[in-house]
Amino acid sequence: MKNSFKIILASAVLVLSLNACKKEALNLTPTNDVTADIAYATPAGYKQQLVRLYANYGLTSPSGSDNSDVGGLNAGFADFLRLFWTSQELVTDEAVCNWGDTGIPELDNATWSTDNQFLRGLYSRSISQITLVNDYLRQSTADKLASRNITGADATSVARYRAEARFLRAYQYWVLLDAFGNPPFVTEADEIGKVNPKQIQRAALFTYVESELKAIESDLAEPRANDYGRADKGADWALLARLYLNAQVYTGTAKYTEAITYSSKVIAASYNLNPSYANLFKADNNIGNTENILTINYDGVNGTNYGGTTFLINAAVYTSADAAGMVAGEYGVPNGGWAGNRTRQNLPALFPNTTGSIDKRGVFVGPKATIDAISDPNDGLKVTKFKNVTSGGTTPASLNGTFSSLDFALFRLAEQYLIYGEAVARGGSGGNVTDALTYVNRLRQRAYGNTNGNVTAAALTTDFYLDERGRELYWEGHRRTDLVRYGKFTGGTYLWPFKGGVKAGTSIPAYRNIYPIPAADLIANPNLVQNTGY
């Protein structure tokens with residue numbers, strides 16, 4: 001079913017027009033030569049417009065990978081996943097990049113400014129998606145459907161599309177909630193272009209995202225009953241579980257019991273661990289894989305951009321063999337290989353060598369684990385986790401031998417196992433240590449290929465779960481959020497190389513637990529107040 005909803009640029013003419021310097025920000029409306037009455041004239045039209053909403057995650061513009069529909073940002077940087085990954089990984093103990101592009105060194109050093117182009121890009125890309133969803137929802141009300149003679153089963157289908165659109169908006173507001181705390185806020189109920197968007201406070205945005213996810217649950221497809229790559233109840237529950245796990249950070253009130261409730265819903269649904277950890281990150285990870293809950297779908301020929309998994313693969317390897325022996329062709333990108341991203345030594349240190357027990361999740365190569373100079377491409381091990389190669393060893397078609405067809409999981413079952421366990425360890429009700437231990441050891445048995453890596457219940461401390469999340473979920477866009485939840489992202493109790501711009505690492509102030517509202521939007525919208533400290 002992968003190709004039934006594959007995000008393909010040619011079939012989804014994105015109608016995005018967003019510049020962070022534009023005054024209207026969230027009130028911008030999509031415009032092109034096709035009017036809404038034409039675009040939404042039929043049930044098929046509504047589905048096609050839904051495709052465009054999903055396409056906004058995997059593409060950078062309606063005119064190819066060399067263009068960006070996010071104003072002021074190089075097209076190569078403008079993909080959602082690349083921006084999200086950068087904001088979640090480069091600022092932590094898991095990754096570092098030796099490129100000198102404006103904004104990257106200050107992320108490497110956790111010294112970003114209010115004008116950082118990558119943070120501004122993530123903010124703008126999220127607002128872009130919210131803008132598109134708001135327009136879709138205005139066009140899919142009961143009155144609009146009736147005026148276009150869309151009734152019966154067709155109207156029921158559109159109701160499901162509408163629920164999926166609301167999920168995508170809730171997810172994007174979660175990104176803003178987690179990263180920026182107090183963003184501008186607009187829904188389909190607000191008049192377009194009349195007034196500047198108002199700012200919502202973090203706790204209120206948490207409540208909004210929570211209420212949206214609960215409101216749409218009954219209208220979404222059952223877990224794994226939708227087209228591949230489309231949101232269903234499983235995705236809804238997974239996002240709620242993640243939201244609740246971080247509730248104390250977002251609102252000051254812990255909701256670990258709720259995290260257990262919703263992670264349990266996912267665990268009890270029709271998902272199963274993939275027998276092979278490595279195959280989760282190969283180009284045929286859509287086939288027979290019931291671990292992934294919701295993916296961003298990539299196509300190395302028809303839906304290309306320089307972000308997504310193309311970025312994750314190419315930025316870790318060279319075109320020809322480097323000191324680590326990594327060759328781009330072995331990773332399915334024979335003409336790619338940009339060589340920039342590596343680990344800091346903290347990450348491979350989570351995978352100690354134990355006699356008779358090797359954690360196969362730790363796939364690192366290179367001559368030197370330590371980072372003495374960020375600019376040295378041989379400092380820090382490279383990650384071989386993501387490959388544009390199938391589980392059978394073949395390389396799928398790739399435009400110019402550079403682009404990836406590896407799909408990226410926004411949610412997968414393993415994360416829900418770890419949410420359940422951590423929430424139990426933190427005192428949430430409704431779960432138990434016995435089940436938590438079962439879930440952890442399922443992950444570790446897959447990782448080791450045997451029971452040598454199994455742990456006992458006594459090991460299941462909260463700190464254990466931070467480390468286990470690092471081992472299971474590294475480079476998948478979780479680390480900054482995890483370190484903030486554990487109180488280790490800022491301050492000086494936990495250090496990594498070049499944290500705070502110092503080789504040995506140093507304390508950074510607590511206000512950096514959230515990112516700044518981009519300076520350009522503050523100038524454009526007088527309703528916005530900068531986050532404390534910036």
Side-chain angles (χ1 to χ4, degrees), residues 1-2 4-7 50-51 53-54 57-58 81 133 157 159-175 209-246 255 257-275 277 279-281 285-297 407-423 430-431 435-436 438-439 442-443 446 469 472-473 476-478 481:
M1 295 179 66
K2 183 173 184 177
S4 67
F5 208 70
K6 194 70 173 174
I7 296 173
L50 181 68
V51 171
L53 299 182
Y54 282 97
Y57 283 98
L81 181 57
V133 171
S157 294
R160 175 159 293 172
Y161 304 158
R162 184 179 172 88
E164 289 179 49
R166 290 172 69 182
F167 173 85
L168 295 177
R169 182 178 61 182
Y171 174 77
Q172 215 62 72
Y173 266 129
W174 169 77
V175 171
V209 173
E210 176 190 31
S211 64
E212 278 289 280
L213 293 172
K214 288 185 174 181
I216 63 177
E217 179 181 349
S218 62
D219 289 329
L220 291 168
E222 294 298 318
R224 299 188 61 244
N226 212 347
D227 290 327
Y228 174 83
R230 288 173 61 184
D232 57 20
K233 288 179 181 177
D236 188 79
W237 300 333
L239 182 51
L240 275 166
R242 188 185 293 177
L243 183 74
Y244 287 132
L245 185 67
N246 292 286
K255 290 187 177 291
T257 295
E258 291 85 346
I260 291 169
T261 296
Y262 282 92
S263 59
S264 295
K265 283 177 175 284
V266 178
I267 293 167
S270 53
Y271 303 101
N272 295 283
L273 288 186
N274 191 308
Y277 182 81
N279 287 350
L280 288 168
F281 311 102
N285 63 347
N286 60 295
I287 300 173
N289 177 13
T290 59
E291 180 170 342
N292 287 348
I293 298 167
L294 182 64
T295 56
I296 300 178
N297 298 347
D407 297 338
F408 184 88
L410 292 174
F411 303 96
R412 60 186 179 91
L413 178 61
E415 180 199 2
Q416 300 301 307
Y417 281 169
L418 295 170
I419 288 176
Y420 179 97
E422 183 184 334
D435 286 343
T438 296
Y439 301 149
R442 283 178 186 173
L443 297 179
R446 176 173 68 178
R469 287 179 67 90
E472 178 69 28
L473 302 172
E476 294 181 53
H478 297 274
T481 300

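What you see below is based on every heavy atom in this structure, not just the backbone, and it leaves out hydrogens, waters and symmetry mates.
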Value rounded to 0.5 Å, distance of [atom1] in [X] from [atom2] in [Y]:
X: Glu164; Y: Asn226; atom1: CD; atom2: CG; result: 4.5 Å
X: Asn292; Y: Leu280; atom1: CG; atom2: CG; result: 6.0 Å
X: Leu213; Y: Leu240; atom1: CG; atom2: CG; result: 4.5 Å
X: Glu476; Y: Leu410; atom1: CD; atom2: CG; result: 10.5 Å
X: Ile419; Y: Tyr244; atom1: CD1; atom2: OH; result: 12.5 Å
X: Ile293; Y: Asp236; atom1: CD1; atom2: CG; result: 11.5 Å

Mind listing the closest non-hydrogen atom pair of [X] and [Y] along with its distance?
X: Ala165; Y: Leu53; result: CB-CD1, 3.7 Å
X: Gly234; Y: Pro223; result: N-CG, 4.0 Å
X: Gly229; Y: Tyr54; result: O-CE2, 3.3 Å
X: Trp237; Y: Glu217; result: NE1-OE2, 3.0 Å
X: Arg412; Y: Phe281; result: NH2-CZ, 3.9 Å
X: Leu443; Y: Ala414; result: CD2-CB, 3.7 Å

Below 4.5 Å, heavy atoms only, C-beta onward: do [X] and [Y] meet side chain to side chain?
X: Tyr417; Y: Leu273; value: yes
X: Asp219; Y: Arg162; value: no
X: Leu239; Y: Phe167; value: yes
X: Asn289; Y: Asn279; value: no
X: Thr295; Y: Asn285; value: no
X: Glu258; Y: Glu210; value: no
X: Arg230; Y: Leu50; value: yes
X: Glu422; Y: Arg469; value: yes

### Message
Just by distance, no angles: are the side chains of Tyr262 and Gln416 close enough, under 3.5 Å, to form a donor-acceptor pair?
### Response
no
### Task
State whether a side-chain donor-acceptor pair under 3.5 Å links Tyr57 with Gln172.
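Distance-only check passes for Tyr57 and Gln172.
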### Query
Is the Tyr420 ring parallel, tilted or perpendicular to the Tyr439 ring (thresholds 30°, 60°)?
perpendicular
### Query
For the residue pair Tyr171 and Trp174, does the interplanar ring angle fall in the parallel (under 30°), tilted (30 to 60°) or perpendicular (over 60°) class?
tilted
### Message
Determine whether a donor-acceptor pair (N or O, by modelled atom type, separation under 3.5 Å) exists between the side chain of Asp232 and the backbone of Arg224.
### Response
yes
### Message
When you measure from the side chain of Arg446 to the backbone of Asn274, do you find a donor-acceptor pair of N or O atoms at a distance under 3.5 Å?
### Response
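Indeed, once roles are kept as given, a pair shorter than 3.5 Å links the two residues.
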